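Each chain gets a letter, A, B and so on, in the order its sequence line appears, and its residues count up from 1. Every value quoted in this text rests on a predicted model; they were computed, and no experiment measured them.
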There are 2 protein chains.
Amino acid sequence: MNRELLLLGLLRHKDMHGYELHEFINRDMAFCTDIKKPTAYNILQKMAESGWVTEIEEQDGNRPPRKVYQITSEGEQVFQKLLRENLQQHHQARFTDDIGLAFIDAIPSEEAILLLKKRRAILQHEFDVLNRPHSKAHSRGGMKLILEHQRRHLQAEIDWLDDVITRLTKEDI
Amino acid sequence: MNRELLLLGLLRHKDMHGYELHEFINRDMAFCTDIKKPTAYNILQKMAESGWVTEIEEQDGNRPPRKVYQITSEGEQVFQKLLRENLQQHHQARFTDDIGLAFIDAIPSEEAILLLKKRRAILQHEFDVLNRPHSKAHSRGGMKLILEHQRRHLQAEIDWLDDVITRLTKEDI
DNA sequence: GGGCGCATGTAATGAGTTACATGATTGA
DNA sequence: TCAATCATGTAACTCATTACATGCGCCC
């Protein structure tokens, strides 16, 4: 239901059509989530059927018609419920990238160090991108919170990886 | 392919049957991953078909027969390849719990604080469980690494949540 | 005698992705 | 004129989950 929460939350702010929602999420929220087009269209359709949003087809000249969605009062109630559920929950993070670490002793430590340095470079790049000046969409309170969360998370990741690499260098696994 | 890596890595250490592998993963690796029984059995079957492992049916008295898996040299090669791929990769963490934060201004801050404190309690509990004395399976080098990773991650999460709660208290969103 | 642990599996379902299909407008 | 952007959608597929089914041994 987190995708529904996301879409409803954005529609609360402003009526939008599917393409627009998809674009916003994948451009301005890429650092924390994503959604594919068919998924977005599909969920919007279902929410319209459930009465959470209204669907109005709009034609602008000869352009392809677009379906503009507007949140209903029922949708607002669902949003309020989903938001409260989301805020009080915590889901354990599963880092699939960790699996390999369990077997790191299966390869020579010099090689492991090289591979982990490659991983570190990707991580560092992600961190740098995050710290680049960003769009105005991120100046809103909530968005800043999420941005800060990612920043802290990535910093912790880098610190940890550096620690692992240091320990491997000292053969202190 | 991370599940394959996991199963191969465990089989490298010791021949095991499906039930045993499933049990080990869900008991001793619950803090970082999980696997359901049908998934485990299914992957093992496929790996046997691919020749990565051999499957030998063993009967112990009148008990249900069990299929013991042993890694082959081909499986070892696949393991080595998967391990290297895994170590040099990094996948961006997606925290679905963050979505709600984007819309935190939609509810009164006192209520948001209460909800986030509930979230913090869950987080703290997870952290405490992680720091409890743990099974001997975790004394191996790689496992200790993953355990340490989780610890660092959870600490960063708690620190960040505390920060958010403090800012909400000061109405400084 | 009833429930739990051991041991394996099948079938249905679900969430989401990829690949594909369509067609108009806009800019180089 | 060719590619990119706008705009929506269907169909097939993957991965993993839940629910279901089976049957023995063991302990209370």
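- Cluster partners of F95(A): none. The rule joins Ile, Leu, Val, Met, Phe, Trp and Tyr whenever side-chain heavy atoms lie under 4.5 Å apart, and it links nothing here.
- Ion pairing between E20(A) and K14(A) holds under the 4.0 Å rule for side-chain N and carboxylate O.
- The rotation axes computed at either terminus of the helix from dG1(C)-dC28(D) to dA28(C)-dT1(D) lie 20° apart, taking five pairs at each end and rounding to 10 degrees.
- Rounded to an integer number of Å, the gap from K46(B) NZ to dG9(C) C1' is 14 Å.
- The existence of a salt bridge linking E4(B) and K46(B) is excluded, since no basic side-chain nitrogen approaches an acidic carboxylate oxygen closer than 4.0 Å.
- Between F103(B) and F79(A), the ring planes lie perpendicular to each other; the angle is over 60°, past the 30° to 60° tilted range.
- A salt bridge is defined here as a Lys NZ or Arg NE, NH1 or NH2 lying under 4.0 Å from an Asp or Glu carboxylate O, and R66(B) with E55(B) fails to meet this definition.
- The distance from atom CD of E4(B) to atom C1' of dT14(D) is 13 Å, rounded to the nearest whole Å.
- To the nearest angstrom, P of dG9(C) lies 11 Å from CD of E49(B).
- Checking dA16(D), dG16(C), dG9(C) against the side-chain heavy atoms of Y41(B) singles out dG9(C) as nearest.
- For Q88(B) and R84(B), the side-chain atoms include no donor-acceptor pair closer than 3.5 Å.
- Near DNA chain D, defined here as any heavy-atom distance below 4.0 Å, the residues from residues 10-37 of chain A are H17(A), G18(A), Y19(A), E23(A), K37(A), listed numerically.
- Inspection of the Q124(B) and R120(B) side chains reveals an N or O donor paired with an N or O acceptor under 3.5 Å.
- A sub-4.0 Å separation between OP1 or OP2 of dT17(D) and a side-chain N or O of T39(B) is present.
- Residue Q45(B) places its side chain closer to dT10(C) than to any other of dT17(C), dT10(C), dT8(C).
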So I104(B) and L168(B), side chain to side chain contact (heavy atoms under 4.5 Å, CB included) or not? Walk me through it. CA-CA 10 Å; I104(B) 200 153; L168(B) 278 172; 3.9 Å; yes

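- The distance from atom CG of L115(A) to atom CG of N86(B), rounded to the nearest 0.5 Å, is 10.0 Å.
- Among D98(A), D159(A), D163(A), D162(A), the single residue meeting the salt bridge (charged side-chain N to carboxylate O under 4.0 Å, His left out) criterion with R152(B) is D163(A).
- Rounded to whole Å, the distance from CG on L7(A) to P on dG16(C) is 11 Å.
- One atom, CZ of R94(A), and another, C1' of dA16(D), lie 14 Å apart when rounded to the nearest Å.
- Relative to the side chain of P38(A), the nucleotides dA16(D), dT10(D), dG9(C) differ in distance, and dT10(D) lies closest.
- With 3.5 Å as the limit, one finds no donor-acceptor pair spanning the side chains of E58(A) and H17(A).
- Separating the CD1 atom of I56(A) from the P atom of dT8(D) is a distance of 14 Å, rounded to the nearest angstrom.
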For nucleotides 24-26 of chain D, list the nitrogen or oxygen atoms of the protein found under 3.5 Å from its nitrogen or oxygen atoms, one pair per line.
| from | atom 1 | to | atom 2 | distance (Å) |
| --- | --- | --- | --- | --- |
| dC24(D) | O3' | N62(B) | O | 3.3 |
| dG25(D) | OP1 | N62(B) | ND2 | 3.4 |

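- Summarising the geometry, the separation between CZ on R3(A) and P on dG14(C) is reported as 17 Å, rounded to the nearest angstrom.
- Taking the six-membered ring where the residue is Trp, H153(A) and H153(B) present perpendicular rings, their angle passing 60° and hence far from 30°.
- Taking 4.0 Å as the cut-off between side-chain N and carboxylate O, D105(B) and R140(A) count as a salt-bridged pair.
- Y41(A) meets the ring-ring contact (aromatic ring centres under 6.0 Å, His included) test with no other residue; sequence neighbours excluded.
- When rounded to the nearest whole Å, the span between CG of L44(B) and C1' of dG9(C) equals 13 Å.
- Using a 4.0 Å cut-off on heavy atoms, none of the residues of residues 77-85 of chain A approach DNA chain D.
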